Amino acid sequence: MKSVAPRGNDSTKNNYIWSLKKGFSIFWIGIALEQVAHESMVLMNVSTRDKFFLEVYLYYNPVFLTALMVWLWGINIYVFLNARIPYAKVFELEHIHLTHHEIWKVASWMTVAVITSMTAYLYLYSRGMVFHAASQPILLYVMVPLVLGLPLDVFHMQTRFYFLRTLVRLIFPIQPISFSDFFLADVLTSMAKVLSDLERSVCRMYHWQASSVATVAWLEPGDTCGSHSIHIPVVLALPYVIRFIQCMRQYHDTKDKTCLANALKYFSTFPVILLSAMKYHVLQEFWEGWLRPLWLVFAVLNSCYCFYWDIRKDWDIGFVSFHDTDFENDMIHDHKQVYYWAIGSNLVMRGAWTYKLSAHLRHNFRTVFFFSFLEMCRRFQWIFFRVEIAAIKLSNSGGALPWVTSQIPLKDLSGDTEHLITASE
């Protein structure tokens, strides 16, 4: 995104008009799609309808939750701008970052695309056009990488390519690890279940099982894309493998032993994923007598370790920090109750983290969706405090983040933030 000059009241008026138009457009599109969906569901019998909803969940849950994460990221940016947190300097974004309005525009289009495709899927299947119905999620899944990689200066090309370059650095950590690198990898750990569902959807499309709508074959362990598939635990573990490698790379660059402790945190995830997946490859008695209790022990240990790391390391809050004068002076939020709420809710929602990692707990799709949503809310909350602490450390260190080996100089902490606030008001 190119630098935008301050626009003052004109910008405020334009943003208000855009919000009104967009709100009305989405409202009427929603009304039309709801009417089509209702008419289509009436044409189905009850048993077919229930199975069909499972298929809809499989194909559209990953993209819907991804769109939701973009909405939440827009809220993060809105708060950073209004609190004057120099997030652009923390992420080394220079001039390619988007305002919260632009992020919400992207999220709006993503949401409309998902709901439209889902409604078309329902409409076509209810009228017997099974082949055309099966093509709807395929078209949606093909469209996403095409738009991301479109080599034209449209749809925020600089931001899209920045995101793609960051993904490449996650897979090939050749360069020193930046804040953006491990931040995105941490977000992906919260979306591990989304990535797992994405793999199952692509698996069914690849084997053309999507043409057999409402068969729900993917729930059967013996199916190619079923619960026994080795790809499920592999994809679940992939974000944690990336973070583990990043921690080892950081230790190589900085010789900071804290990086090894952080690597151990991500490594402790692997027994949870592995033991859960083994349910489909061992006798039921062995699972219930030995592996399930062992899985529970590792799950509790991992959740406690991650909770401690969130509070003490990522947020830099200790049990005595609230009585520290320096901490009170650095706090972005005026009320300590905000931090107490964050600590308590983070502890509760950490349980959702273990649930989403466990393949043997995925059969109730409503429950899985709820816990996946909770984990995304936890990550959304985590982002506020993680970036806040990073900004404080950035200011105190004179512009160099202590855990990152490649940094841009900090000339003016508030410069870009003030510029963005003026541009987005």
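Along the sequence shown, the residues carry numbers beginning at 1. Because the structure is predicted, anything quoted here is derived from the model rather than measured.
The closest donor-acceptor contact from the side chain of Thr119 to the backbone of Ile115 lies under 3.5 Å. Of the possible donor and acceptor atoms, one in the side chain of Ser268 sits under 3.5 Å from a partner among the backbone N and O of Lys265. Arg160 places a side-chain N or O within 3.5 Å of a backbone atom of Val154 that can act as its donor or acceptor partner. Using a distance-only test at 3.5 Å, with no hydrogens or angles considered, no donor-acceptor pair links the side chain of Arg386 to the main chain of Trp315. Between the Ser201 side chain and the Leu58 main chain, a donor and an acceptor come within less than 3.5 Å of each other. In this structure a side-chain-to-backbone donor-acceptor pair under 3.5 Å is missing from Thr116 to Ala113. Panel note: side chain Ser345, backbone Ala342; a donor-acceptor pair is recorded below 3.5 Å.
Between Ile77 and Thr99, the closest side-chain pair of non-hydrogen atoms is not below 4.5 Å. Residues Val368 and Lys193 meet the side-chain proximity criterion, which asks for heavy atoms closer than 4.5 Å. In this structure the side chain of His231 never reaches within 4.5 angstrom of the side chain of Cys203, judged on heavy atoms. At least one side-chain heavy atom of Leu98 sits under 4.5 Å from a side-chain heavy atom of His156. Under the 4.5 Å side-chain criterion, counting only non-hydrogen atoms from C-beta, Asp314 is not in contact with Ile389. Under the 4.5 Å side-chain criterion, counting only non-hydrogen atoms from C-beta, Trp109 is not in contact with Phe155. Between Ser180 and Tyr162, some side-chain heavy-atom pair lies under the 4.5 Å cut-off. Looking at heavy atoms from C-beta onward, Gln136 lies in side-chain contact with Tyr60 at the 4.5 angstrom threshold.
Remark: Leu394 CG to Ile85 CD1 distance equals 12.0 Å, nearest 0.5 Å. Interatomic distance, Arg127 CZ to Leu122 CG, rounded to the nearest 0.5 Å: 8.5 Å. Atoms OG and CE, from Ser303 and Met349 in turn, are 13.0 Å apart once rounded to the nearest 0.5 Å. The distance from the SG atom of Cys259 to the CG atom of Leu264 is 13.0 Å, given to the nearest 0.5 Å. Taking OH from Tyr57 and CG from Leu54, the interatomic distance works out to 9.5 Å, rounded to the nearest 0.5 Å. Atom CG in Leu148 sits 6.5 Å away from atom CZ in Phe163 (nearest 0.5 Å).
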(request) Any chance you could lay out the side-chain contact (heavy atoms from CB on, under 4.5 Å) test for Thr66 and Met110, step after step, and finish with the verdict? (result) CA-CA 9 Å; Thr66 301; Met110 291 176 66; 4.0 Å; yes

(request) For Asp186 and Phe183, run side-chain contact (heavy atoms from CB on, under 4.5 Å): C-alpha distance rounded to whole Å, both residues' side-chain angles, the deciding distance at 0.1 Å, then the answer. (result) CA-CA 5 Å; Asp186 270 329; Phe183 180 88; 5.8 Å; no

(request) Determine, stepwise, if the pair Phe373 / Leu68 fulfils side-chain contact (heavy atoms from CB on, under 4.5 Å). (result) CA-CA 9 Å; Phe373 172 75; Leu68 175 62; 3.4 Å; yes

(message) What verdict does the side chain to side chain donor-acceptor pair (under 3.5 Å) test give for Ser229 and Tyr280, after you've listed the backbone C-alpha separation in whole Å, the side-chain angles of each residue and the deciding distance to 0.1 Å?
(response) CA-CA 9 Å; Ser229 173; Tyr280 301 105; over 6 Å; no

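Among Tyr87, Trp73, Tyr78, the single residue meeting the ring pair (Phe, Tyr, Trp, His ring centres under 6.0 Å) criterion with His100 is Tyr78.
Dense packing is recorded around CD of Glu288, with more than 12 heavy atoms of other residues, nucleotides or ligands lying under 6.0 Å away. In this structure, Lys255 places its NZ atom where more than 12 heavy-atom neighbours from other residues, nucleotides or ligands lie under 6.0 Å away.
Among residues two or more places apart in sequence or in another chain, the side chain to side chain contact (heavy atoms under 4.5 Å, CB included) test is passed with Leu260 by Met248, Tyr251. The ring-ring contact (aromatic ring centres under 6.0 Å, His included) search around Phe64 returns none, not counting sequence neighbours. With sequence neighbours left out, the ring-ring contact (aromatic ring centres under 6.0 Å, His included) criterion links Tyr305 to no other residue. Contacts of Trp341 classified as side chain to side chain donor-acceptor pair (under 3.5 Å), with partners at least two apart in sequence or in another chain: Gln381. For Ala107, the side chain to side chain contact (heavy atoms under 4.5 Å, CB included) partners are Val70, Trp71, not counting sequence neighbours. Among residues two or more places apart in sequence or in another chain, the side chain to side chain donor-acceptor pair (under 3.5 Å) test is passed with Asn346 by Asp310, Arg378. Qualifying side chain to side chain contact (heavy atoms under 4.5 Å, CB included) partners for Ile230, counting only residues two or more places apart in sequence or in other chains: Pro233, Val234. When the ring-ring contact (aromatic ring centres under 6.0 Å, His included) test is applied to Phe270, the partners found at least two apart in sequence or on another chain are Phe267. Residues satisfying the side chain to side chain contact (heavy atoms under 4.5 Å, CB included) test with Leu294, not counting sequence neighbours, are Leu275, Phe298.
The cationic group of Arg292 does not satisfy the cation-pi geometry with Trp295, failing either the under 6.0 Å distance to the six-membered ring centre or the 45° limit from the ring axis.
For residues 293-304, there are no salt bridge (charged side-chain N to carboxylate O under 4.0 Å, His left out) pairs, not counting sequence neighbours. Within the structure, the salt bridge (charged side-chain N to carboxylate O under 4.0 Å, His left out) test picks out no pair touching residues 106-126 (sequence neighbours left out). Sequence neighbours left out, the pairs with a member in residues 167-182 that pass salt bridge (charged side-chain N to carboxylate O under 4.0 Å, His left out) are Arg169-Asp181.
Tyr141 has its ring centre no less than 6.0 Å from the ring centre of Tyr59. Ring centers of Phe182 and Phe179: under 6.0 Å apart, within the cut-off.
Arg249 and Gln246 are not linked by any side-chain donor-acceptor pair at a separation below 3.5 angstrom, with hydrogens and angles left out of the test. For the residue pair Glu375 and Ser372, no side-chain donor N or O sits within less than 3.5 Å of a side-chain acceptor on the partner.
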